[in-house]
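What's counted below: heavy atoms across the whole structure, side chains too, no hydrogens, waters or symmetry copies.
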Amino acid sequence: MITMLVMTSITQAVEIEVGEDSININGQLQLHGSLEGVDDPYSNSERLFLFLRQARLSVNGDVNNVEYEVEWMLGGEEVPENNSVMSLLDAYINIPIQDDAFGVKLGQFKVPYGRERLLDSGNAYNVNRSIGNNFFNIGRDVGVALHKEDGLFSGALGMFTGGGINIPERYIPEDIGVPMFITRIGINNGLDEDVFT
């Protein structure tokens with residue numbers, strides 16, 4: 001059996017700028033293929049199996065210095081319960097406050113907890129997450145976070161529903177108890193875009 005990996009990373013398809021405002025349309029596609037040769041004297045012995053590991057579409061940009069992003073999972077990452085899989089991954093706005101001294105991010109996005117979960121799975125094609133991820137898998141959630149970067153230091157304080165992605169949309173009315181509070185403080189020497197990546 002011969003295994004071949006075919007993958008592409010995040011690509012920017014369209015970028016439109018109007019003055020200070022912009023809109024970007026990005027996509028990500030990961031494919032996996034396995035070529036198998038079977039000793040079969042009665043039929044064709046070569047078989048090709050193709051698998052879709054990830055397909056995503058993202059629209060992001062900024063309007064009046066307010067960043068926004070909407071990202072959809074189009075297939076390959078979850079078990080479909082019907083004919084179509086189109087799950088919302090991210091849908092947030094990031095508002096600067098007091099001349100970029102602070103920022104407020106609200107909507108559905110990755111909870112700023114644990115560096116391993118903040119890593120985009122599109123950048124970890126041949127890597128599995130650690131066993132600790134099974135017990136501390138927070139991932140994406142709906143909430144609001146106050147964040148700041150000051151020199152090498154960056155941090156965020158957030159309040160989230162604690163239910164995971166899409167929960168407030170799928171299970172209305174929701175019995176909301178005590179919200180989940182998260183804080184993350186660390187040193188960013190320029191490798192990370194912000195405290196959420």
Side-chain angles (χ1 to χ4, degrees), residues 7-30 54-78 84-115 117-125 138-161 163-170 172 179 182-197:
M7 63 180 181
T8 61
S9 61
I10 298 171
T11 57
Q12 184 169 331
V14 177
E15 179 180 8
I16 300 170
E17 293 184 10
V18 179
E20 301 272 326
D21 302 338
S22 68
I23 182 171
N24 305 306
I25 300 173
N26 305 319
Q28 182 171 328
L29 180 67
Q30 288 185 354
Q54 192 177 84
R56 293 184 178 180
L57 177 66
S58 171
V59 177
N60 60 54
D62 60 84
V63 175
N64 294 329
N65 207 21
V66 174
E67 297 176 7
Y68 64 91
E69 180 170 8
V70 179
E71 184 177 16
W72 297 274
M73 175 192 334
L74 302 176
E77 298 180 65
E78 69 178 21
S84 64
V85 175
M86 188 167 179
S87 293
L88 183 66
L89 290 175
D90 291 323
Y92 64 83
I93 59 172
N94 192 7
I95 305 168
I97 297 176
Q98 294 181 352
D99 299 327
D100 293 336
F102 290 93
V104 175
K105 191 171 187 176
L106 58 115
Q108 180 170 294
F109 53 93
K110 285 189 175 185
V111 176
Y113 173 82
R115 184 169 181 83
R117 286 306 306 166
L118 293 175
L119 174 68
D120 184 4
S121 60
N123 295 329
Y125 186 80
I138 294 178
R140 290 176 167 85
D141 204 346
V142 177
V144 59
L146 179 68
H147 59 95
K148 178 175 177 58
E149 292 192 26
D150 189 9
L152 283 176
F153 299 99
S154 65
L157 174 65
M159 181 179 68
F160 299 88
T161 64
I165 67 172
N166 299 337
I167 296 299
E169 295 176 5
R170 293 181 183 167
I172 291 178
I182 297 284
T183 186
R184 181 171 194 233
I185 299 170
I187 294 175
N188 184 1
N189 58 1
L191 293 176
D192 298 322
E193 183 180 334
D194 55 26
V195 73
F196 300 100
T197 58

Which pair of heavy atoms, one from [X] and one from [Y], lies closest together, and at what distance?
| X | Y | answer |
| --- | --- | --- |
| Asp21 | Asn64 | OD1-N, 2.9 Å |
| Arg184 | Pro112 | CB-O, 3.2 Å |
| Leu89 | Gln108 | O-NE2, 3.0 Å |

Using the ring pair (Phe, Tyr, Trp, His ring centres under 6.0 Å) rule, pick out the option among Tyr113, Tyr92, Phe109 that qualifies with Phe160.
-> Phe109
Quick one: side chains of residues 144-157, donor-acceptor pairs under 3.5 Å with protein atoms, not counting sequence neighbours, listed by atom name and distance.
from   : atom 1 : to     : atom 2 : distance (Å)
His147 : NE2    : Asn94  : OD1    : 2.8
Lys148 : NZ     : Ala101 : O      : 3.2

Can you find a pair of side-chain heavy atoms, one from [X] and one from [Y], that are under 4.5 Å apart?
| X | Y | value |
| --- | --- | --- |
| Asp194 | Thr197 | yes |
| Ile25 | Ile16 | no |
| Arg140 | Asp90 | yes |

So Glu15 and Ser22, side-chain hydrogen bond (donor to acceptor under 3.5 Å, both in side chains) or not? Walk me through it.
-> CA-CA 7 Å; Glu15 179 180 8; Ser22 68; 5.6 Å; no
With no hydrogens and no angle check, is any side-chain donor or acceptor of Arg56 less than 3.5 Å from a backbone partner on Glu71?
-> no
Spacing of CD belonging to Glu69 relative to CD1 belonging to Ile93, to within rounding of 0.5 Å | 13.0 Å
Who are the side-chain hydrogen bond (donor to acceptor under 3.5 Å, both in side chains) partners of Tyr68, not counting sequence neighbours?
-> none
Working for side-chain contact (heavy atoms from CB on, under 4.5 Å), residues Val59 and Ile23 = CA-CA 7 Å; Val59 177; Ile23 182 171; 3.9 Å; yes
